[in-house]
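To keep things clear, I will list the structure first and then write my remarks on it.
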Amino acid sequence: MGIKIENYCYDGTKAFNIKKTPTDSNGLEDKKKELVEKTQENTLKIAELQNALFAEHKEAVLICFQALDAGGKDSTISHVLLNINPLGIDVYNYRGPSADEASHDFLWRYHKNLPMKGKIAVFNRSYYEEVLVVKVHEYFKDYSLPKRIKKSSYIEEKYKDIKSFEKYMYGNSIRVIKFFLNLSKDEQKKRFLDRINRPEKNWKFSENDIKERQFFEKYQEAFEAAINNTSTKECPWYVIPADQKWYARYLVSEIILSVMKDINPAYPEVSEQQKKNLANCKKMLEEEGK
């Protein structure tokens, strides 16, 4: 098919230029039916590998989704991960921190939700909000900080903190998959209007969405900087064209599946003694009521 997920991967070996990066399938509309079917196949394979991951209990997976409003995070998560056993996955949606969360370090509320071995955790928005929304609105300028911490270098220090945090996770058996759903300004406008025009979607629209849209270009700059400052070989970023949801879901499913295959989880082997015990249990069950 000629679609290489490596083309969407940023691992620190090349710079990410958001203005030169496509937000659509780049002319693959004729492949839509085929790719939708492939996505469905991938979701089943991901679920199968998740069962083995859960049984093996050696590694965990953290999937982070970042995007502008209406970027398609919710629908991508629900479509790609719908077949996974609920016992093997946890999804966390992050908004602005509570007073309690804001009283801790910025990673605290995320660290406590990291997945245990054998499970997948999904962060719908993540610790990257500290170098996105906080940077765009310059909230850090109002933070109460000790004199030794310079506000002028606050964001640069957060990039370092995030890279260290992800290195820590990778070294502690957690694979990190980071997705940026790259939505164009025109497509965001269409989706906002759709939410306004369709009564059943009104609940998804907020006046704050329009306020945030005024900062579209600043968010573009913030995403570009975040990706270029935190992409590593162990924890790369994947920039996903998000204007066509069917294509975004296909790419996300391909990437998650590739990581799961790389982990290559296997069901625990049963010892000879355990096999004998199973045989005895089977015999007892079969002889019941005879």
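Every value quoted in this text rests on a predicted model; they were computed, and no experiment measured them.
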*Is E212 close to Q188 at the side-chain level, that is, under 4.5 Å between some pair of heavy atoms?*
no
_Can you tell me how far apart CG (L81) and CZ (R249) are? Round to the nearest 0.5 Å._
12.0 Å
*Grab the two heavy atoms, one from G71 and one from A67, that are nearest each other, plus how far apart they are.*
CA-CB, 4.1 Å
*Taking side chain to side chain donor-acceptor pair (under 3.5 Å) as the test, write out the residues that go with D209, two or more places apart.*
none
*When you check the side-chain N and O atoms of D100 and S98, is any donor under 3.5 Å from an acceptor?*
no
*Hey, mind stepping through L53 and Q50 against side-chain contact (heavy atoms from CB on, under 4.5 Å) and telling me if it holds?*
CA-CA 5 Å; L53 184 81; Q50 164 57 26; 3.3 Å; yes
*What is the minimum heavy-atom distance between Y10 and A15, and which atoms define it?*
CE2-O, 3.6 Å
_Donor-acceptor contact below 3.5 Å, side chain K19 vs main chain Q220_ = no
*Do H79 and S253 come within less than 4.5 Å of each other through their side chains, counting heavy atoms only?*
no
*Hydrophobic cluster mates of I196, side-chain heavy atoms under 4.5 angstrom, ILVMFWY only, any path?*
F192, F205, I210
*Distance from I256 atom CD1 to I46 atom CD1, nearest 0.5 Å?*
5.0 Å
*asked:* How close do I255 and S258 get, counting heavy atoms only, and between which atoms?
replied: O-OG, 2.6 Å
*asked:* Tell me every residue that passes salt bridge (charged side-chain N to carboxylate O under 4.0 Å, His left out) with E200, counting only those two or more places apart in sequence or in another chain.
replied: R198
*Test F165 against every option in Y128, Y110, Y127 by the ring-ring contact (aromatic ring centres under 6.0 Å, His included) rule and name the one that passes.*
Y127
*Would D11 and T13 count as a side chain to side chain donor-acceptor pair (under 3.5 Å) if you check the C-alpha gap in whole Å, the side-chain angles of each, and the deciding distance to 0.1 Å?*
CA-CA 6 Å; D11 62 1; T13 59; 2.6 Å; yes
*Minimum heavy-atom separation for A242 to A248, with atom names?*
CA-CB, 4.3 Å
*For the atom pair OG1 (T23) and CD (E187), what is the distance rounded to the nearest 0.5 Å?*
8.0 Å
_Pairwise distance CD1(I63) to CG(N124) - rounded to 0.5 angstrom_ = 12.0 Å
*asked:* Side chains of Y170 and R175, heavy atoms from C-beta outward: is any pair under 4.5 Å?
replied: yes
*Under a 4.5 Å cut-off applied to non-hydrogen side-chain atoms, are K167 and E234 in contact?*
no
*Taking the side chain as C-beta and beyond, is there a heavy-atom pair between D90 and P115 under 4.5 Å?*
no
_Measuring only between side-chain heavy atoms, which start at C-beta, is E221 closer than 4.5 Å to K135?_
no
*Pairing residues for K218 by the side-chain contact (heavy atoms from CB on, under 4.5 Å) criterion, not counting sequence neighbours*: V136, F215
*Is the count of non-hydrogen atoms from other residues, nucleotides or ligands lying under 6.0 Å from K20 atom NZ greater than 12?*
no
*Linking I/L/V/M/F/W/Y whenever any side-chain heavy atoms sit under 4.5 Å apart, do I3 and V80 land together?*
yes
*asked:* If the threshold is 4.0 Å, N to carboxylate O, is there a salt bridge linking K45 and E48?
replied: no
_Which atom of N42 lies closest to which atom of E254, heavy atoms considered_ = ND2-OE2, 2.8 Å
_As a quick check of understanding, evaluate side-chain contact (heavy atoms from CB on, under 4.5 Å) for D243 and L183, giving each step before the final call._
CA-CA 6 Å; D243 284 2; L183 187 72; 3.4 Å; yes
*Decide yes or no for I263 and V61: does some side-chain heavy atom of the first lie under 4.5 Å from some side-chain heavy atom of the second?*
yes
*With sequence neighbours left out, what residues match K158 under side-chain contact (heavy atoms from CB on, under 4.5 Å)?*
F106, E130, V131, Y154, D161
*Which residue, Q274, Q273, K275, forms the side chain to side chain donor-acceptor pair (under 3.5 Å) with N277?*
Q273
*Is any NZ, NE, NH1 or NH2 atom of the basic residue among E34 and K38 found under 4.0 Å from an Asp or Glu carboxylate oxygen of the other?*
no
*Kindly check if the number of other-residue, nucleotide or ligand heavy atoms within 6.0 Å of NZ (K112) is above 12?*
yes
*Where G88 and F54 come nearest, the two heavy atoms and their spacing*: CA-CD1, 4.2 Å
*Find the distance between CD (Q66) and OG (S126) and round it off to the nearest 0.5 Å.*
3.5 Å
*Would you say the side chains of T230 and W237 form a donor-acceptor pair under 3.5 Å?*
yes
*asked:* Less than 4.5 Å apart, side chain to side chain, heavy atoms only: is that true for Y94 and N113?
replied: yes
*Determine, using the 4.5 Å side-chain heavy-atom cutoff (strictly less than), whether I89 and M116 are members of one ILVMFWY cluster.*
no
*Taking T232 for the side chain and C235 for the main chain, is one N or O donor matched with an acceptor at less than 3.5 Å?*
yes
*asked:* Determine whether a donor-acceptor pair (N or O, by modelled atom type, separation under 3.5 Å) exists between the side chain of N93 and the backbone of F123.
replied: no
*asked:* So for atom NZ, which belongs to K185, do other residues, nucleotides or ligands contribute more than 12 heavy atoms lying within a distance under 6.0 Å?
replied: yes
*Is a salt bridge present between K204 and D74, judged by a nitrogen-to-oxygen distance below 4.0 Å?*
no
*Is the shortest distance from a Lys or Arg side-chain nitrogen in R213 or D69 to a carboxylate oxygen in the other one below 4.0 Å?*
no
*asked:* Nearest 0.5 Å, please: how far is CG in N182 from CD in E224?
replied: 10.5 Å
*Run the numbers on K73 and T76 for side-chain contact (heavy atoms from CB on, under 4.5 Å), then give the verdict.*
CA-CA 5 Å; K73 299 184 302 301; T76 301; 6.0 Å; no
*Checking salt bridge (Lys or Arg N to Asp or Glu O under 4.0 Å) for the pair E157/K160: CA distance, chi angles, key distance, verdict?*
CA-CA 5 Å; E157 291 301 317; K160 295 177 185 178; 3.4 Å; yes
*asked:* Assess, by modelled atom type and distance only, whether the side chains of Q244 and Y250 contain a donor and an acceptor separated by less than 3.5 Å.
replied: no
*Listed partners of Y247 passing side chain to side chain donor-acceptor pair (under 3.5 Å), at least two apart*: Y8
*Do other residues, nucleotides or ligands put more than 12 heavy atoms under 6.0 Å from Y143 OH?*
yes
*Evaluate the criterion side-chain contact (heavy atoms from CB on, under 4.5 Å) for residue pair N229 and I155; output intermediate values, then yes/no.*
CA-CA 11 Å; N229 279 283; I155 297 298; over 6 Å; no
*Quick one: is the NZ or CZ of K178 closer than 6.0 Å to the six-membered ring centre of F180, and within 45° of its axis?*
no
